[in-house]
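Everything on this sheet refers to the single structure shown next.
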Amino acid sequence: MATYSAIAHNFTPPSATTSAQIGAGAMTLIKTVTASDSSDISFVHGSSDVVFDSTYKTYLFKFISLHLSSDTYLSLLGRDGGSNFDATKTSSYFRVEHTEDDSSTGFTIKTNLDVAQATGETKLSGNTSDDNDNAYSGELYVFNPSSTTFIKHYFGQINVISGADALEAGYFAGYFNHTAALDGIKITVGTGNIASGTIKMYGIA
Amino acid sequence: MATYKSIRYNTPVSNGGSRVLLAETTASSSATVSFTSGIDSTYKEYLFTFTSVHPATDDVKLTFQGNAAGESGFNETITSAMFRSQLDEGDSDSNLLYNAAADQAQGTAFQQLSDNGLGNGNDESMSGYLSLFNPSSTTFVKHFMGRNNMYQKDSYTNDNFLTGYFNTTSAIDEIQFKMSSGNIDAGTFKLYGVN
């Protein structure tokens, strides 16, 4: 008679088998990294159980309560097959702002946060505060990183409180301008460390 | 002997992450739709979706607020911002703007998910999502962000972007939705935990 353990390995479990999961979407958690005074956080295909290749067409990174040790910014780097995070990027950035005292609002293109064919860091925010209750939350989508035909688009949003006690919600979008596969992403800071927080990486089928 | 059919429903299969549906409410002439359980430290992110929300009253806004753990009343401090694009069905009027009428600066009112009013014609509704990050934190403020598309009264599409934070270090464990006036006539609200 077939045993449970034998049967269990003879079929591919459906991705959703309960009413609680039906319709949940095929979003698979690949990796969770918890920062602890980390100078940067990297996700590289084949390293530390990270999958960042043709397995998924879309990858999603969630930034959850990233608290920085300094009044500085968060930035993005990509790796296009070499060992260095120097993938070329072109991206634009706009931001909505609103001060807690209601003295000002903003809805503007931030040319100081865009990049045109840059191989260095792409800022995901301006300088913010390291107040104890301040932390970044947001998300980054990366599309078809394994393509060796097309550029690789990305977009996202990140929220934080500025040093002037204002909501700053940054919306960024651009592309890695190379046809080599993108196999790594690095999140880093201008100075100091990511004191705490979590970054989650998902694959979306 | 156990069959495949019987076994598959006895096996706790995980899809390896993803969204887990925690609660679902179908509004039916409802004054409010509240999620008063399931928002805790289990997940770092919670996702609310609302689908085909239809108001009983014309020209009203769908709104939401939070309640901190151990407290009463949906009246947490919010700083927020909202922008949107719109286009009328006659293709004669389009724009993109930040609308301060829909934001809050340390306000405790229910937060609008649109600046313009939702129509209540039979086929008029709004659908979208709202993400809430790390609501159980007792260290950080709680950011939220969302987007929805709405049928504005007078036959416009509105693409609404809403973002901000609950400016509290208390945990947020309850969220409530309601119209700025009148009932939520119909619509489905879902709460997911994001692994």
Side-chain angles (χ1 to χ4, degrees), chain A residues 1-4 7-8 10-11 13-30 32 62-65 67 96-103 105-108 132-139 157-161 165-169 171 196-198 200 202-204, chain B residues 1-4 7-24 43-45 49 77-83 96-100 103-107 131-134 137-145 147 161-165 167-169 190 192-195:
Chain A
M1 184 178 77
T3 64
Y4 166 79
I7 293 174
N10 280 332
F11 70 95
S15 62
T17 57
T18 69
S19 60
Q21 291 178 318
I22 291 172
M27 193 168 96
T28 301
L29 178 63
I30 295 172
T32 299
K62 292 280 187 175
F63 310 124
I64 301 162
S65 298
H67 179 68
V96 291
E97 304 170 44
H98 189 196
T99 56
E100 292 181 358
D101 64 5
D102 208 17
S103 61
T105 61
F107 181 36
T108 54
N132 289 338
D133 65 347
N134 193 17
Y136 289 83
S137 290
E139 60 190 17
Q157 177 186 353
I158 197 141
N159 279 20
V160 72
I161 304 175
D165 288 335
L167 164 67
E168 289 188 350
Y171 297 79
S196 62
T198 303
K200 291 177 175 257
Y202 301 90
I204 301 175
Chain B
M1 184 178 77
T3 65
Y4 167 79
I7 289 173
R8 68 175 177 146
Y9 290 106
N10 287 326
T11 305
V13 178
S14 165
N15 54 0
S18 139
R19 291 169 283 180
V20 177
L21 181 61
L22 303 176
E24 177 177 348
Y43 301 98
K44 289 286 191 181
E45 180 190 358
T49 64
T77 301
I78 290 174
T79 292
S80 62
M82 209 226 95
F83 66 95
L96 169 69
L97 59 79
Y98 180 105
N99 194 334
D103 68 19
Q104 294 199 70
Q106 301 295 84
S131 286
L132 175 62
F133 291 89
N134 208 6
S137 172
T138 54
T139 302
F140 301 117
V141 304
K142 287 79 176 162
H143 290 285
F144 56 79
M145 55 185 67
R147 182 177 183 178
F161 295 78
L162 183 280
T163 189
Y165 51 87
N167 196 1
T168 176
T169 53
K190 295 185 178 184
Y192 297 91
V194 183
N195 273 318

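Letters A, B, ... mirror the listed sequences (proteins, then strands); counts begin at 1.
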So, the part of B/Q104 with a heavy atom under 4.5 Å from chain A: the answer is backbone

In this structure, CD of A/E139 is separated from CD of B/E45 (nearest 0.5 Å) by 7.0 Å

Who among A/A135, A/S103, A/A169 has the most heavy-atom pairs with chain B under 4.5 Å? A/A135

When rounded to the nearest 0.5 Å, the distance separating CG of B/D103 from CG of A/D102 is 6.0 Å

B/T77, B/I78, B/T79: which one forms the most heavy-atom pairs within less than 4.5 Å of chain A? B/T79

Nearest atoms (heavy-atom pairs only) where A/N132 meets B/F140: O-CE2, 3.3 Å

All heavy atoms of A/V96 vs all of B/A81, minimum pair found to be CG2-CB, 4.0 Å

Looking only at heavy atoms, the pair that brings B/S80 and A/H98 closest together is O-ND1, 2.5 Å

With chain A, which of B/L96, B/T163, B/N134 has the greatest number of heavy-atom pairs at distances under 4.5 Å? B/T163

Side chain, backbone, both or neither: which part of A/N159 has an atom under 4.5 Å from a heavy atom of chain B? both

Enter the distance from B/M82:CE to A/F107:CZ here, rounded to the nearest 0.5 Å. 9.0 Å

NE2 of B/H143 to CD1 of A/I158: how many Å apart, nearest 0.5 Å? 8.5 Å

Check whether any side-chain heavy atom of A/K200 lies under 4.5 Å from a side-chain heavy atom of B/K44, and answer yes or no. yes

Are the aromatic ring centres of B/F83 and A/Y171 under 6.0 angstrom apart? yes

Could you grab the distance from atom OH of B/Y165 to atom CD of A/E100, nearest 0.5 Å is fine? 3.0 Å

If I take atom OG from residue B/S137 and atom CD1 from residue A/I64, how far apart are they, to the nearest 0.5 angstrom? 11.5 Å

If you count heavy-atom pairs under 4.5 Å with chain B, which of A/I204, A/N134, A/I161, A/T198 comes out on top? A/I161

For A/D133 and B/N167: C-alpha separation, side-chain torsions, deciding distance, then whether side-chain contact (heavy atoms from CB on, under 4.5 Å) applies. CA-CA 9 Å; A/D133 65 347; B/N167 196 1; 4.0 Å; yes

With a 4.5 angstrom heavy-atom cut-off, which part of A/E168 approaches chain B: side chain, backbone, both or neither? neither

